[in-house]
There are 2 protein chains.
Amino acid sequence: MLLTDRQLLILQVIVDDFIRSAQPVGSRSLSKKEGITFSSATIRNEMADLEEMGFIEKTHTSSGRVPSEKGYRYYVDHLLSPQVLTQHDITIVHSIFAEKIFEFEKIIQRSASILSDLTNYTSIVLGPAVSVNKLKKIQIIPLNKETAVAIFVTDTGHVENRLFSLPSSVHASDIEKTVNILNERLNGVPLEDLNDKIYKEVAILLRQHIHNYDLMLNTLAQLLKMPVTEKLFFGGKTNMLSQPEFHDISKIRDLMTMIDQEEWISNIIRNNSKGINVKIGSENKNKIMDDCSLITATYSVGEEKLGSIAILGPTRMEYSRVISLLGILSKDLTNVLTKLYQNN
Amino acid sequence: MLLTDRQLLILQVIVDDFIRSAQPVGSRSLSKKEGITFSSATIRNEMADLEEMGFIEKTHTSSGRVPSEKGYRYYVDHLLSPQVLTQHDITIVHSIFAEKIFEFEKIIQRSASILSDLTNYTSIVLGPAVSVNKLKKIQIIPLNKETAVAIFVTDTGHVENRLFSLPSSVHASDIEKTVNILNERLNGVPLEDLNDKIYKEVAILLRQHIHNYDLMLNTLAQLLKMPVTEKLFFGGKTNMLSQPEFHDISKIRDLMTMIDQEEWISNIIRNNSKGINVKIGSENKNKIMDDCSLITATYSVGEEKLGSIAILGPTRMEYSRVISLLGILSKDLTNVLTKLYQNN
DNA sequence: AATTAGCACTCAGGAACAATGAGTGCTAAC
DNA sequence: GTTAGCACTCATTGTTCCTGAGTGCTAATT
């Protein structure tokens with residue numbers, strides 16, 4: 001099943017052309033393409049072979065050819081030359097990181113927006129895993145007699161906060177003591193282990209030093225029972241609406257509803273290995289995504305994968321452009337984060 | 001232009017029926033409705049009158065009638081009996097506020113989700129105005145030699161945070177002093193006035209006590225130049241896709257793109273007076289929303305309006321249900337916030 | 001005077017049909 | 001091995017016709 005050079009050429013042109021036009025490619029129009037020196041009849045013969053091998057398909061008996069999933073797969077694996085991005089593209093991507101003072105969330109959100117703007121597909125960015133971040137500081141700031149806000153800062157500068165109420169019977173000094181104990185004992189503990197640690201180590205100390213021991217421990221446990229899942233950020237959710245393959249409204253609805261299913265998407269994207277990953281059509285193992293491709297990339301610090309960025313588009317997607325863009329963005333994100341982490 | 005009782009009845013039935021079925025209502029089917037004792041011919045006559053007065057329309061010469069904007073307006077103003085919500089509905093709305101420990105944002109987000117689930121329309125919730133909140137506490141927490149995170153807590157428990165870098169030449173003691181000065185001087189100042197205040201009052205003090213005066217003031221100014229716009233939360237963005245009037249994909253796309261235009265939506269919703277507000281079709285002064293109605297409600301503390309909740313649906317919207325739901329939710333939000341503020 | 005039955009008329013939407021044209025596969029000639 | 005030629009296929013478009021739900025108007029009825 002080795003393809004001749006001519007077959008490769010034809011396959012490539014078919015995929016390229018279809019990606020551009022979304023129209024089945026016929027032998028005649030193909031024969032007029034630049035770089036094609038042979039006649040439409042020859043092309044028809046080659047096409048018949050390519051079809052037999054499963055790389056291309058017809059939409060009906062007398063239609064032009066369209067790449068099959070196998071065709072896209074081959075194209076991505078063997079025929080793809082990474083698109084050289086324009087200076088303009090690169091400038092825009094870098095602009096994400098221009099500000100000196102920032103909320104990390106904003107950076108992530110901006111990444112998503114810009115990625116979707118540059119590609120016209122839907123972008124999905126999975127924020128960095130906070131649950132492995134280590135606690136740097138806890139603070140409790142009373143707002144009034146009954147309410148206070150607890151603030152958790154991690155070594156990466158991530159800030160979580162919770163509002164809670166305490167009966168006014170609890171003394172300010174007790175709160176202060178508690179916070180001190182917590183900071184002493186929990187500094188450097190990953191967020192996901194906080195709850196454990198508090199029962200194993202902090203509880204005893206609290207009992208020794210605090211009046212309202214039960215109540216305090218209880219409240220703390222509640223506070224720390226925070227589900228710190230990675231946040232998801234989207235860009236261009238509506239871009240799919242402009243893709244000709246989704247003129248069918250029920251398809252769109254299914255797709256959109258799926259996208260809004262955050263935990264679900266989150267799982268799909270999280271479970272990708274390092275580097276760039278292309279899932280085409282049914283490779284996504286989901287009926288709704290049969291006409292979609294998902295390209296994911298990861299960003300990391302050192303060896304540790306931290307989060308993912310992804311582009312969801314039709315199978316007829318500009319693979320080369322998307323891969324290039326994800327490539328430089330993931331590198332940039334990795335850089336920023338590495339700077340942040342490495343100095344710790 | 002006074003309507004007879006019979007005309008009112010007919011108008012009401014037409015609107016109710018059309019809201020339910022999305023189909024033009026004909027005289028024959030109307031005559032068979034419960035409570036209608038007169039013949040289809042009579043109804044045709046009355047319909048002709050109603051049409052002359054502009055309350056109903058035909059979609060083509062021989063079609064049934066459909067409410068006009070004026071018809072909906074009349075219906076909303078005069079014929080609407082607030083829907084009695086089921087215990088089930090009420091329980092669900094109250095469930096938003098069940099937790100003792102919370103992030104306020106989560107409450108708002110949950111409000112949006114539940115509102116859209118209960119109505120099958122798109123919900124938009126404008127978070128409480130933070131810029132008028134008063135500063136309670138500023139903290140700066142160094143993460144490593146060059147990076148630190150600044151945290152701002154308001155009297156309402158809202159937490160803002162910014163990551164920034166400082167040259168390691170700046171002494172820890174200077175940072176501490178600065179934070180002390182800030183907390184002393186800026187406590188109780190509304191966020192929107194911080195920037196002003198810092199130049200007018202804090203600058204002088206800093207110059208007296210701090211070594212790296214210029215650099216510090218500069219960094220602070222950058223930090224405080226935070227655009228604290230109210231956040232927007234959405235629910236059921238895709239619900240519009242299920243509405244039969246939007247089978248046309250380009251309409252949907254326009255609508256969705258508009259919804260994603262956050263500043264824009266934000267303005268529309270913010271600029272509504274207290275209480276419940278119904279904007280029908282072209283009353284929204286926006287071509288894209290000609291087939292939509294927007295119902296907004298506000299939540300407040302005392303006399304002060306804090307934020308808004310809104311439902312966007314087709315003009316053929318279940319006005320009475322939506323109004324009731326927004327009513328109880330806005331009351332609930334007001335209660336929660338009042339508890340939070342009043343104790344200050 | 002108000003209501004209703006009756007009738008002619010309108011029009012969106014669907015079915016049936018033909019024409020068009022972009023495409024194919026195959027065969028025979030180059 | 002390549003290509004010209006030809007018969008064939010089928011999605012798409014436009015035309016026509018039919019049906020049914022609905023209307024407005026008029027004349028009869030209450």
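All values reported here derive from a predicted model rather than from experimental measurement. Quick note on labels: first sequence line is chain A, next is B, and so on, each numbered from 1.
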For B/K251 and B/E245, what are the C-alpha separation, side-chain angles and deciding distance, and is it a salt bridge (Lys or Arg N to Asp or Glu O under 4.0 Å)? CA-CA 9 Å; B/K251 231 184 221 169; B/E245 32 269 276; over 6 Å; no
Derivation of the side chain to side chain donor-acceptor pair (under 3.5 Å) call for A/E69 and A/T315: CA-CA 8 Å; A/E69 261 178 39; A/T315 44; over 6 Å; no
For salt bridge (Lys or Arg N to Asp or Glu O under 4.0 Å), just list the numbers for B/R65 and B/E57, CA-CA rounded to whole Å, side-chain angles, deciding distance to a tenth of an Å, and then say yes or no. CA-CA 5 Å; B/R65 299 311 208 291; B/E57 300 168 341; over 6 Å; no
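Using cut-offs of 30° and 60° for the angle between ring planes, the B/F55 and B/Y74 rings count as perpendicular.
At the phosphate of D/dA21, neither OP1 nor OP2 sits under 4.0 Å from any side-chain N or O atom of B/S63. Contact check, B/K58 against D/dG24: a side-chain N or O comes under 4.0 Å of OP1 or OP2. Within the 4.0 Å cut-off from OP1 or OP2 of D/dG20, not a single side-chain nitrogen or oxygen of B/R28 is found.
One atom, CD1 of A/I43, and another, C1' of C/dG25, lie 15 Å apart when rounded to the nearest Å. Protein atom CD of B/E52 is 16 Å distant from nucleotide atom P of D/dT23, rounded to whole Å. Rounding to whole angstrom units, CZ of residue B/F18 and P of D/dG22 are separated by 13 Å. Atom CG in A/L50 sits roughly 12 Å away from atom P in C/dT24 (whole-Å rounding). Following rounding to the nearest Å, A/M47 (CE) and C/dC26 (P) show an atom-to-atom distance of 15 Å. A straight line from CG of B/D17 to P of D/dG22 spans 11 Å, rounded to a whole angstrom. Between the C1' atom of C/dC26 and the CG atom of A/D49 lies a distance of 14 Å, rounded to the nearest Å. Across the protein-nucleic acid pair, B/E51 atom CD and D/dG22 atom P stand 15 Å apart, rounded to whole Å.
The side chain to side chain donor-acceptor pair (under 3.5 Å) contacts involving residues 235-244 of chain B comprise B/K237-B/D260, B/Q243-B/R316, where partners must be two or more places apart or lie in separate chains.
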Strictly under 4.0 angstrom, non-hydrogen atoms only: write out the protein contact profile of nucleotides 1-11 of chain D, one letter per nucleotide from the 5' end, B, S or -. -SBBB---BBS
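Looking at A/S27 and A/R44, their side chains do bring a donor and an acceptor atom within 3.5 Å of each other.
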Could you pull out the protein-nucleic contacts involving nucleotides 13-16 of chain D (nitrogen or oxygen on both sides, under 3.5 Å)?
none

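At a threshold of 4.5 Å between non-hydrogen side-chain atoms, the residues A/I265 and A/M258 count as touching. Counting heavy atoms from C-beta outward, B/L118 and B/V93 have side chains that approach closer than 4.5 Å. Contact of the A/I309 side chain with the A/L126 side chain is not registered, since no non-hydrogen atoms from C-beta on lie closer than 4.5 Å.
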